[in-house]
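On a predicted model such as this, the values are computed, not experimentally measured, just so you know.
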Amino acid sequence: MGLHHQVIVVGAGLSGLRAALAAQQDGLDVAILSRVHPVRSHSIAAQGGINASLANAEGGRDDNWEKHAFDTIKGSDYLADQDAVEIMTKEAPGIVYEMEHWGTPFSRTIDGRIAQRPFGGAAFPRTCYAADITGHALLHTMYEKSVKEEIKVYEEYLLLSIVKHDNACVGIVALNINNGEIIAMSADAVIIASGGYGRIYGNSTNALINTGSGMAAAYLSAGVPLKDLEFVQFHPTSLYGTNILITEGARGEGGYLFNNRHERFMKNYAAKAMELAPRDIVARSIQTEINEGRCYNNAYVLLDLRHLGRKKIMERLPGIRDICLHFAGLDPINKPIPIQPGQHYSMGGIDTNANGETSLAGLFAAGEAACVSVHGGNRLGGNSLLDTIVFGKLSGHFASGYVKAKKKNAADQALQAELAKVKAKVSRLENSAGKENPAKVRSELKTTMMEEAGVFRTKAKLEAGLAKIKELKERYKQIHLLSKIKKYNLDLVRNLELEGKLALAEVIVLGALKREESRGSHFRTDYPTRNDEHWLKHTLAHHTESGPRLDYKAVTITRFRPQARTY
Amino acid sequence: MVTFKIERFNPDVDKAPYFQTYEVAAGKEMSVLEALFYVVENLDGSLAFRYSCRGAVCGSCAMRINGKNRLACQTLLKKLKSPVITVSPLPHLPIVKDLIVDMDHFFKNYEKIKPYLVNNTSAPEKERRQSILERAKIDEMIACILCGACFSACTVAATDKKFIGPAALTKAYRFWADSRDNLGDERLALVAGEHGALRCHTLFNCAEACPKNIVPTYSIQQLKGGLVKCRFSKPAK
Amino acid sequence: MFDNLKKESVIAYQSGIGMWAFVLHRITGLSLIFYLLLHIVVISTSLKGPQPFNNLLAVLTAPPFVVADLALLAAILFHGLNGARIVIFDTGIGIRQQKLIFWLLLLPAVIIWIMTLYFTLPHIFR
Amino acid sequence: MKKAALLWLLQRVTAVLIFIVLGVHVYRVHYVELGQPILFAGIAIRLKSLLMLVIDSSLLFFGLFHGLNGLRTVLLDYDFFDRQEKLLSWVLSIIGIIFFILGVKGLWAFIIR
Ligand SMILES: Cc1cc2nc3c(=O)[nH]c(=O)nc-3n(C[C@H](O)[C@H](O)[C@H](O)COP(=O)(O)OP(=O)(O)OC[C@H]3O[C@@H](n4cnc5c(N)ncnc54)[C@H](O)[C@@H]3O)c2cc1C
Ligand code: HEM
Ligand code: SF4
Ligand code: F3S
Ligand code: FES
């Protein structure tokens, strides 16, 4: 049968490229499948930096991996698995040096080392950066490395389904967006590195392609559980209007937050850390100011960089200035930036262990699509880029170990069967005579998620949200496509993604409804405190015909006992 | 209402590109990219274009808007100050469909210049040191998002199919000038010859087009200087 | 071979100054080499002796040709001064000020040309 | 590779030389006696000055080189003769040599008489 690779990596962001490099280094035949050209992946948009305890910065000389681990675990509100956090924080310096050797143009200290800046929730300036385009610098380097190693990439292919046979993953079914063909590819191992689902939400800092389709495929077709999906990070500072991210680095460099009374309101919420408290806390503080009317236009507060001066802004935050100039028509050198919280990151994802293994043999996951979990209830800024590279690499190596140990099994039939099933589904969608406008379903989903499963949650809101999602799922069955063209059919692609979005939304809301406590990013006004006795555990959502079935799994705790979390 | 004249072409069925007109209900802060989404969602589901970040960092959405190569996501309608907005694909590149062009040629050129850091000395345990000044030399070049706007705007690249083009040459300079790279004159050899850096006639179209305010001409001129010096001085090995 | 010569490839593209300067530089350069070859042929009538030469030159300095000479001068001025601009860039100077340099160099070109026109007009309308 | 860089450099060098030489030539020939008829005898007198002879013949040489090399660039720009690049260079060189000889002979004709 047609196409075969020993390892297929779905996604060409940082985690996908790193996984492919690792597996290829182990001598395997690897191919990447990606919805977009690698450098168009969302990792490109990361601004602030990547954490590693290099101890390069003045005032950060005492830093080490243990302190990094502690900050991460405390930041996660103790939901992170501590063994995994240890692995990540120990690997961090090596990973950053490796990227530097491969060519990443990090910003530098006076003595020529990698520069580090303070970031929220960290005790030391630990975040290595390349001005405010760190993700861009890293992704380009990773792509350059993949060009050097001649990694094969199937560009503009959309993963639709993961194929199982004999309780193992044997391949995938994907849509070639360029010509509309649906194909099956067999593989001994598949690594899902497809990033987050931000676009389920209305106000999101994410790329438009972040629809969670990889997570959804794992959940719906491979039947692996999703972990902790109710933990959705809201970034405190996204540009009012477009929700383009204004990096935490802006506060790291010394930016202030003001409400409409020109008050640095963070003093009322985190007197010590002020603007540099962790994201969940700052986001909630801003949202409170907005909800209670101490804001502008009922919608935003101000992030003021003016006192940093032209020189520092031009040097450290040139990209932020460009964003403000182009998308808001203002220059942060002489005007404060209007900001509001926006959906930013998914702490949850495909349930994996620190080797990237899922519950299905041969299926691995890494990066934002996966949940190891190292971020628990709330991710610290700069830890996600680290997560993508560390666990991208590990999952690549573990996948090749798995492939080498595995005995071949012919899975042709399973592939053909799944291919036929997917083709039937797509043609049903193409030929649907329904009356529903998919754009409406999509936009109603976005507002529902923003309103009912946003920064502040209650039982009533979440129940309303769940009911709405069920309604939208029904309506989705009645949508009709505006175009049936085979070649580059955006309409088809976006509506295939919509199915996955609805499934993930349901998991998020159900998990949030059941979790009757407040932890990290998940804040229930009706249960405003953390409840370790009942809820120090991971949520696992399994797909069933009638909706998600939830069960729970213990958190691994090694050296840090949960304590109250204050900043 | 803003009128959009959008160039349409599906090589499978159409003989030649043609323009189609759409009336878009434009919001105050709408970008061209959002307007295109308005079209696919409400008027014509068959329109095709590339997108990803919507924040001018991924380089997907370069196209020709009112006579200039720009990023659709970065171009707000109000800045165009025009009641009619004409959108077509990047010129000089083969059209895949509508606003989507084939970037293969662009990336082939990119691959020609060994777009990765080469350092044959054994890697130190920690970082390779680089001074702030050395790092500043490549600050402009690393901002490139490989969108192809410059390449498509360069008339020389359009007529001489073998010309490496501004983006790849900027990359070449980025590595050549990186104090950590030691491929040295070999990098120059990659951009030498009739179709390399010296083919650039300082048109500055690339600089005009670049949405990241990069001036590829600067990098290219440095490479030309390097080439001439290396031709007349003994290559340092 | 000719499919590269589509309209948009040759005509100014991004309509920036650099492009127009290039197009004009190219046109004037090609005109000049064409003129130079012709010029050589003309001057080499000297091989036939003074009389044929003087006769020919009398024709070529008649008013219509003086107008052509003015065009030639414009071409030389533009090509020469813009050529200087290019050489300046090639030494690595002024690349980011390309537009300013263009106007600065065009200025003397225009002045010289207008002055020449002023001195020549009387001879055209002799 | 080397040829491309050499020709590129010579194009600049000749440009600078022409800039100077052509300036003198145009000034001396056309401005000093503006409006006067151009006569064989007048040119003969001028060319007896060694400086002017050197100026005019070097203009002849540099101009031809620069112009024809420029023409080569233009043709290669549009993919003409790309595959016969060597042939093109030869043809242009021969044209250059022929016109140079013609030009030199023409100049000498003013002096030796
Ligand atoms: C604006 C912004 C700024 C950020 N800044 C920082 C920061 O400063 N520091 C930090 O640590 N983290 C930051 N993050 C988070 C971090 O950037 C991301 O979590 C991380 O880049 C995700 O990388 P990834 O490799 O998992 O996925 P991505 O980079 O999102 O890549 C996903 C890949 O999967 C492909 N794909 C997706 N679905 C499919 C499918 N169905 N079929 C085929 N291919 C598919 C896509 O084409 C893409 O190549 C930021 C996030 C945002 C939104
Ligand atoms: C006055 C002094 C002159 C200067 C400073 C000058 C400068 C230059 C330069 C720098 C170039 C290279 C352009 C490029 O590569 O983009 C060039 C090209 C050229 N020049 Fe000149 N030149 C001069 C006079 C002449 C003369 C007298 C002729 C005719 C014989 C001529 C004919 C050409 C031609 C045909 C080209 C190629 C055109 C092109 O590449 O666009 N030049 N000139
Ligand atoms: S140099 Fe500018 S225009 Fe060219 S590819 Fe890079 S970002 Fe795009
Ligand atoms: S437009 Fe082209 S010719 Fe040179 S200056 Fe830019 S590469
Ligand atoms: S969508 Fe990424 S640059 Fe426009």
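Between the CZ atom in C/R85 and the OG1 atom in B/T202 there is a gap of 6.5 Å [rounded to 0.5 Å]. In this structure, CG in B/L198 is found 9.0 Å from CG in C/D90, a value given to the nearest 0.5 Å. Separating the SG atom in B/C206 from the CE atom in C/M19 is a distance of 11.5 Å, to the nearest 0.5 Å. To the nearest 0.5 Å, the span separating CZ on C/F22 from CG on B/N205 amounts to 9.0 Å.
When all heavy atoms of C/R96 and B/Y218 are compared, the pair lying nearest together is NH2-CG, 3.3 Å.
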* Asked: Between B/H201 and C/R26, is a side-chain contact (heavy atoms from CB on, under 4.5 Å) present by the stated rule, with each step listed?
  -> CA-CA 10 Å; B/H201 298 300; C/R26 181 148 281 190; 3.5 Å; yes
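The environment of B/K79 atom NZ is dense: over 12 non-hydrogen atoms of other residues, nucleotides or ligands sit within 6.0 angstrom. Few gaps surround NZ on B/K112; more than 12 heavy atoms of other groups in view lie less than 6.0 Å from it. Within a 6.0 Å sphere centred on OH of C/Y118, other residues, nucleotides and ligands contribute 12 heavy atoms or fewer. Taking a 6.0 Å sphere around CZ of C/F34, one finds it holds 12 or fewer heavy atoms contributed by other residues, nucleotides or ligands.
Of the possible donor and acceptor atoms, none in the side chain of B/E208 sits under 3.5 Å from a partner among the backbone N and O of C/G16.
With a 4.5 Å cut-off on side-chain heavy atoms, B/F204 and C/I95 count as touching.
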